[in-house]
Structure formats: structure tokens, C-alpha cells
Undergrad: 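Please find one structure pasted underneath; my questions will follow.
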Amino acid sequence: MAAAVRGCGGVWCWVWQRGAGGSASRGQRAVAGSVRGVAVPAGKSGPAPWVPVVGLEIHAQISSNSKLFSGSEVQFAAPPNSAVSFFDASLPGTLPVINRRCVEAAVMTGLALNCSINKRSLFDRKHYFYADLPAGYQITQQRVPIAVNGTLSYSLCTDNKMSQMVTKTVRIKQIQLEQDSGKSLHDDTRSQTLVDLNRAGVGLMEVVMEPDMCCGEEAAAAVRELQLILQMLGSSHAVMAEGQLRVDANVSVHHPGEPYGVRTEVKNINSIRFLAKAVDYEIQRQIEELENGGTILNETRAFDSKLGCTVPMRDKEGKQDYRFMPEPNLPPLILYDTKSLPTNMNHQQVVNIDWIHERLPDLPSVKRAKLVEQYGILPEHSFTLLNEDGLTEFFENVLKHTQMKPKKVIGWILNDLLSYLNQHSLTVKESPVTSSILADLLNLLEKKEISSTAAKQVLLELWKGEGKTPLEIVKEKKLELIQDQEALEQICQAVIDGQENEVMAVKAGNHKVLNKLIGLVQRKTQGRSNPVLVKQLLEKKLLG
Amino acid sequence: MRALPLGRWLRGAVRARSGGPGRARPAPGSPQKVTVEVLDHLEHLALVDFRDAEGVERLQKAIQFADQLHEVNTDGVEPMDSVLEDRCLYLREDDVTEGNCTKELLKNAREKVEEYFVAPPGNIPLPKLEERETYLQSS
């Protein structure tokens with residue numbers, strides 16, 4: 001069976017089939033398509049391997065002005081209970097009225113994920129008791145959701161250097177519209193819960209992914225791609241830190257060829273990084289439990305980010321019986337396309353799937369391909385550009401103001417700018433070095449007024465954000481390249497005169513020693529000589 | 001014929017009545033009693049307390065009353081889940097038209113803390129049947 005290494009960084013992944021010479025070459029390991037991974041606990045050679053199975057349930061808050069079934073505002077961090085209508089508070093005599101924008105957002109998302117849009121979908125009630133769900137039920141779409149059977153493609157690097165990328169797909173089971181619940185603040189000291197209903201009734205799209213993933217890295221990559229898609233569509237801001245994107249992971253393990261194992265549900269995952277950790281921890285926990293002769297309970301566990309582990313959740317003991325029933329107050333949701341468009345219906349009452357399809361913006365995968373084609377950068381560069389919020393705009397702004405080729409500029413963006421930002425936990429928007437400042441610097445380099453080493457020095461100064469322009473710093477620190485060729489020739493001659501042995505070696509055919517001479521010239525000029533020019537001059541003098 | 005989805009335990013208790021044309025139905029006997037397991041399950045789910053024999057009897061009568069629905073022959077009839085099924089679902093424009101009535105909403109609250117509703121600390125699960133003081137114990 002062909003090896004299925006997909007860059008799972010977990011300790012328990014390894015290549016099954018080793019080539020004759022030892023570990024398989026990288027070419028053999030890059031496998032495209034959805035190959036499921038195989039996990040083996042590290043250090044063990046005897047016992048049968050484990051296959052982890054990971055499925056995700058993702059709730060994305062719809063980006064809209066008002067809520068799914070009422071006209072109260074969708075607002076993050078509003079004063080408690082100030083964005084709540086009578087319907088949201090479940091007061092008697094109120095009825096749901098669906099928000100057109102939420103329907104469109106769900107259709108957009110379904111189309112972007114290659115789903116079939118159900119022209120007729122239904123609403124149901126899902127019953128459970130909790131203080132932040134005043135009605136005692138949530139309106140959702142359990143029987144016939146708005147979109148089904150889609151796919152999401154995402155990429156993984158097969159090693160940590162991002163030089164080999166592999167495309168994987170995960171099937172989307174369905175997308176459904178449903179209400180969000182309110183928020184509970186637990187006050188353990190006074191043994192009470194404070195309830196804020198501002199979030200109650202906000203529209204959610206639940207995206208259900210089939211269990212096609214096998215480790216934390218895959219789950220994280222899939223969610224990241226979904227997040228980018230949602231943000232590009234504008235159907236959700238999908239910021240995990242603000243609760244606009246919530247992920248629950250379903251994890252189980254089994255031996256190859258055997259039926260799937262008991263699965264646990266992991267909740268309380270607050271970032272994509274934690275998602276990978278939570279999934280990997282849970283896989284490891286289950287493997288260890290089973291290898292020690294224990295069993296896995298079909299339970300809900302919470303991820304504790306401080307301890308990096310999952311713990312059973314108190315409130316979710318016992319299996320829930322949601323007693324689903326059709327929502328009697330809502331007739332079926334009917335969507336149209338150009339063929340089925342009714343002729344005498346009010347425009348405002350019609351959602352046309354084809355109309356929405358025509359107006360879908362470029363998806364991340366399309367944007368990346370365009371960047372690669374337009375600028376000649378590598379695919380992995382395009383991934384980094386899209387992954388960092390605002391970086392693509394920054395890159396394109398720099399290109400607008402400089403003559404330097406995109407292939408060179410991208411190096412400065414990814415190696416110098418981005419690494420600094422990451423080191424100091426800054427976003428692109430917070431960068432003290434703006435795109436125009438960087439463009440000015442790169443122009444100095446491009447016009448050969450400074451060397452690239454000097455440019456890096458200037459950049460270091462620019463990070464301080466003291467408001468000086470690159471040119472000012474160059475003049476201040478005297479970093480300009482010596483333009484006077486005669487003066488440069490004299491310095492080269494001086495170095496040659498002082499290094500008899502090296503000169504003899506070069507003349508004898510050892511050209512590598514030339515680099516030492518170049519270095520000496522650089523030192524003499526305090527880095528202000530153009531190494532290419534120096535090499536030319538030295539070669540001319542020594543080799544005629 | 002499709003029964004209302006009241007939970008799989010109750011389906012067993014539902015008996016078809018005789019009287020429909022040409023359909024084989026079991027003979028009508030006394031309707032099956034609701035079991036203790038079902039009642040316990042309901043107490044957990046709905047947090048009701050059946051309290052005494054009268055409470056259980058009331059439930060039993062309610063089920064019997066609803067069972068009368070089975071006297072209707074619904075062969076070949078699509079189940080209806082809303083009388084609005086032929087209506088169009090009205091789509092509302094995405095405008096903010098409600099909210100900002102914190103004071104009014106909190107008027108009904110028995111307890112409040114700084115404009116938050118106050119509720120007990122999370123769901124306290126009912127203890128198991130054997131450990132509860134409930135009428136059902138003696139059933």
C-alpha cells in the first residue's frame with residue numbers, strides 16, 4: 001500500500017513503504033488527492049497501526065445588519081440585552097420572519113463550496129433546555145437544508161519548508177441556516193449564570209464536513225481555507241476570536257479494515273492553532289486509552305487551551321434527545337433560478353441562484369492562480385500572501401511604486417517584512433513600514449544607490465518607525481554605494497597589493513578566493529561597494 | 001401512515017384503531033400504559049415532575065386523546081407540517097427595525113444583575129431514578 005505521508009506533524013505518523021535505500025524520496029511522497037493517513041505510535045514496531053478519523057461541524061455567523069428571524073441588530077459587544085427584540089426573548093405572540101440577506105449568504109457559500117442548492121428547504125425546531133435559549137428550541141434545518149453535497153479543496157505542505165504542496169479535498173455534507181443562542185456568563189462565586197440575549201437569533205450557517213480528515217494539520221488547513229472563502233464572499237467575517245467562526249471536531253480512531261471507532265466531540269476550540277492541537281491531543285488520548293485496554297465513551301469534551309488537553313464537559317452528560325419537529329410557523333423556503341423564475345412576483349421576494357452565481361467574487365484558489373500567473377511568483381508564495389490579512393494588497397501596492405521585478409519584491413515581502421511582523425506579533429495593517437516606504441527603499445536598491453546589505457540595515461532602522469525616510473537613513477548612516485569608479489579601483493588595487501598569497505591563488509585558477517578579496521574591499525569601504533562591480537574590477541585586474 | 005414524531009418509545013404505545021376501510025389493524029384493546037422508563041426520560045428532558053398518580057394519569061389521557069388522530073385514514077396522503085405550506089415564505093429586507101428595549105425586557109425578570117438576566121448555574125442534571133425522590137419510584 002502506497003505510503004500516505006501528508007505532512008502530519010504528529011509523532012505517530014510515518015511512511016509505511018520505505019524505498020530500498022531507506023526513507024522514500026520526496027518525489028514519491030508528494031501524493032495528490034485525498035489519501036487517508038495512517039498513524040502508528042512512535043517507537044513501536046509491533047502493534048497494528050491506527051487510522052484517525054476527523055470530521056468537523058463549523059458554525060459561521062452570517063455577516064448581516066439584522067438577525068435571521070427578527071429585525072434586531074447584529075452587533076459585537078453591544079451593551080447587554082440592548083440588541084434584543086421581543087421575538088429573540090421568546091415572548092409570547094411573536095413570530096419568525098426570515099431575513100433575505102441571510103438566505104443569500106447561505107446560497108453564496110453553498111455555491112462557493114460546489115454544493116447542490118435545494119430549491120425547496122425546510123425549517124425545524126431542535127429542542128433543548130438552556131438559560132441562553134429562551135424559546136427552549138432552536139430553529140434549524142434538520143430535514144432538508146439549503147445546500148448539500150459539496151467539496152472544499154485545501155492545501156498542505158508535505159514538509160515544513162512549504163516547497164511541496166499537496167491538494168486535499170473534504171466533502172461537505174450540508175449547509176444549513178440556524179439561529180445562534182444567547183451568551184451565558186457563569187458566575188461561580190454567586191452560583192448563578194448571567195444571560196445576555198444580544199447574540200440570540202443571529203443567523204448562522206452550519207457547515208457539516210464529512211470525516212475525510214485524519215489529523216490536526218488537515219483540520220486546521222481545511223478550516224483556514226473555509227475562513228478565507230467566507231471572508232472573500234463576505235458571507236461571514238469568520239473571525240474565530242470574536243466567535244464568528246466556531247469549530248467542533250468529531251474524532252475517532254480504528255484499525256485499518258475494521259469499523260469506525262466510537263467518536264468523541266471536542267468543543268471550546270478558540271483558534272485554528274488550538275484546533276490542530278485539540279484534534280491531535282484527542283487522537284493521541286484515544287490511541288493510548290485503547291492500547292491500555294480501555295474504551296472510548298461517546299461523549300462531549302472541552303479543549304483546555306492552557307493545559308493543552310481535552311476534558312469531559314459537565315453539562316453534556318447523557319445523550320441528548322432533541323425531539324426534532326417541523327417549524328410550523330415557517331413555510332418552505334423556495335429559491336429560484338433563471339429557468340424557474342416566476343414572472344409576476346415581487347422582485348424583493350425572489351432569490352435567484354443563477355444571479356448570485358454570476359456575481360460570486362474570485363475564490364482564494366482563483367486569486368492565488370492569478371497572482372502566480374500575473375507576477376511569476378511561486379504557488380507557495382501565493383498561499384502566504386493570501387494567508388496573511390492585507391499582505392496581498394501590501395505586495396501589490398509596493399509593486400505599483402517600484403521598478404523592481406515582482407519576483408525580487410516578493411522575497412523582501414515574505415522574508416524581511418513578514419518575518420519581522422511575525423516576530424513582533426504585528427498585523428500587516430500595524431506595520432510601521434508602509435508599502436510606500438518599502439517601495440522607496442527598494443527603488444534605492446534597484447537604482448544601485450545602495451547594496452542589498454545596506455538595504456537590510458536601512459530596513460532595521462525603518463522598523464523603529466521614527467518617521468525617517470529610507471533616503472534620510474542612507475545619508476545619515478553613510479550607506480550610499482561608492483559611485484566613483486576610480487576611487488573603487490584604487491581600493492581594489494590596495495587590497496590586491498596587500499594580499500599576495502590570495503592573488504597568486506586566483507591567478508593560479510582558484511576563483512573562490514576572489515570572494516575573500518571582495519570581502520576585504522567591502523570591509524575597507526564599510527559595505528559601501530557594489531559586490532558585483534568589485535568582482536568585475538578584481539577580475540579585470542587579476543585575470544586581464 | 002406517519003405518526004407524529006413524539007419519540008421512539010411512544011411509537012410502541014400507539015395502536016391503530018379499527019374502522020378504516022380494507023386495512024388490517026390490530027384489535028383495539030385497552031391502550032398501552034406509558035412505561036416508567038418513558039416517564040423518567042420525560043422528567044429528564046422536560047424537567048417536569050409527575051408528582052403523583054394523577055399527573056401520570058393526566059399524561060395517559062392526553063396521549064389517548066391524541067390517539068384519536070389514528071381514526072383518520074391517511075393512506076397515500078403526504079404529511080402536512082404547516083398550514084402555511086402553500087404560502088410563500090416572506091423574505092424581509094436586512095434592516096434594523098427592532099431592539100433597544102432593554103428596560104422593557106428586564107421588567108419581567110425576577111432577578112437581574114446590571115441588565116443581565118439571572119439564571120441558575122448551568123443545567124443541573126437530575127439524579128438517576130433510584131436516587132430521586134419521585135413518585136415514579138413506587139410505580
Side-chain angles (χ1 to χ4, degrees), chain A residues 64-66 70-74 79-89 91 97-103 122 127-132 182 184-188 190-197 314-315 317-318 321 323-334 345 348-351, chain B residues 2-10 38 40-48 78-128:
Chain A
S64 61
N65 299 326
S66 56
S70 69
S72 43
E73 194 177 4
V74 175
N81 292 307
S82 63
V84 184
S85 68
F86 288 177
F87 171 78
D88 305 329
L91 296 183
V97 186
I98 198 167
N99 178 341
R100 188 205 158 86
R101 158 70 187 160
C102 294
V103 176
L122 306 171
H127 300 81
Y128 64 94
F129 284 108
Y130 211 71
D132 58 25
S184 301
L185 301 171
H186 298 287
D187 183 358
D188 293 323
R190 283 182 207 80
S191 200
Q192 63 190 14
T193 299
L194 302 181
V195 177
D196 173 14
L197 296 178
R314 179 178 59 105
D315 270 342
E317 286 147 15
D321 180 351
R323 296 171 293 160
F324 285 98
M325 65 171 263
E327 169 55 64
N329 293 323
L330 293 170
L333 173 61
I334 309 291
M345 230 174 113
Q348 197 259 344
Q349 289 303 313
V350 171
V351 173
Chain B
R2 196 156 149 242
L4 289 170
L6 288 172
R8 58 178 189 269
W9 292 273
L10 289 183
V38 170
D40 180 43
H41 184 71
L42 285 173
E43 284 200 340
H44 267 96
L45 276 184
L47 298 177
V48 296
E78 267 293 303
M80 167 190 270
D81 40 57
S82 169
V83 294
L84 304 170
E85 66 181 15
D86 288 333
R87 296 267 209 96
C88 277
L89 177 55
Y90 177 79
L91 302 174
R92 179 177 58 86
E93 278 302 307
D94 185 24
D95 297 318
V96 176
T97 55
E98 303 176 275
N100 268 314
C101 49
T102 320
K103 253 171 101 172
E104 257 182 299
L105 290 173
L106 290 172
K107 255 199 244 176
N108 282 341
R110 193 180 64 173
E111 263 189 80
K112 46 183 170 260
V113 169
E114 277 180 41
E115 302 189 325
Y116 286 94
F117 293 99
V118 178
N123 280 357
I124 306 158
L126 278 182
K128 294 208 186 59

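Please read all numbers here as calculations on a predicted model, not as lab measurements.
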Undergrad: Quick check against the 3.5 Å criterion: does B:Thr102 have a side-chain atom that pairs as donor or acceptor with the backbone of A:Asn81?
TA: yes

Undergrad: For A:Asp88, is it the side chain, the backbone, both, or neither that has a heavy atom closer than 4.5 Å to a heavy atom of chain B?
TA: neither

Undergrad: Output the option from B:Asp94, B:Val118, B:Val96 having the highest count of non-hydrogen pairs under 4.5 Å with chain A.
TA: B:Asp94

Undergrad: To the nearest 0.5 Å, what is the distance between CD (B:Glu93) and CD (A:Gln348)?
TA: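 So the gap between those two atoms works out to 4.0 Å.
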
Undergrad: Checking heavy atoms, do the side chain of B:Glu111, its backbone, both or neither come under 4.5 Å from chain A?
TA: side chain

Undergrad: Report the option among B:Leu106, B:Asn100, B:Asp86 that has the most heavy-atom pairs separated by less than 4.5 Å from atoms of chain A.
TA: B:Asn100

Undergrad: Heavy-atom distances under 4.5 Å only: say whether B:Asp95 touches chain A with side chain, backbone, both or neither.
TA: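 For B:Asp95, the contact with chain A is made by the backbone alone.
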
Undergrad: Side chain, backbone, both or neither: which part of A:Val103 has a heavy atom under 4.5 Å from chain B?
TA: side chain

Undergrad: Partners of A:Ser184 by side-chain hydrogen bond (donor to acceptor under 3.5 Å, both in side chains), sequence neighbours excluded?
TA: A:Asp132

Undergrad: For A:Leu194, is it the side chain, the backbone, both or neither that has a heavy atom under 4.5 Å from a heavy atom of chain B?
TA: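 Contact with chain B involves both backbone and side-chain atoms of A:Leu194.
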
Undergrad: For the residue pair B:Arg92 / A:Ser66, report whether a side-chain donor-acceptor contact shorter than 3.5 Å exists.
TA: yes

Undergrad: Sort out for me which of A:Gly182, A:Ala89, A:Cys102, A:Ser85 touches chain B most, counting heavy-atom pairs under 4.5 Å.
TA: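 The answer is A:Ser85.
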
Undergrad: Any donor-acceptor pair under 3.5 Å linking the side chain of A:Thr193 with the backbone of A:Leu185?
TA: no

Undergrad: Could you check whether any side-chain N or O of B:Arg87 sits under 3.5 Å from a backbone N or O of A:Leu330, counting only pairs where one atom can act as donor and the other as acceptor?
TA: no

Undergrad: With a 4.5 angstrom heavy-atom cut-off, which part of B:Asn108 approaches chain A: side chain, backbone, both or neither?
TA: side chain

Undergrad: So, using side-chain hydrogen bond (donor to acceptor under 3.5 Å, both in side chains) as the criterion, who are the partners of A:Arg190 when residues are at least two apart?
TA: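 A:Arg190 satisfies side-chain hydrogen bond (donor to acceptor under 3.5 Å, both in side chains) with A:Asp187 once adjacent residues are dropped.
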
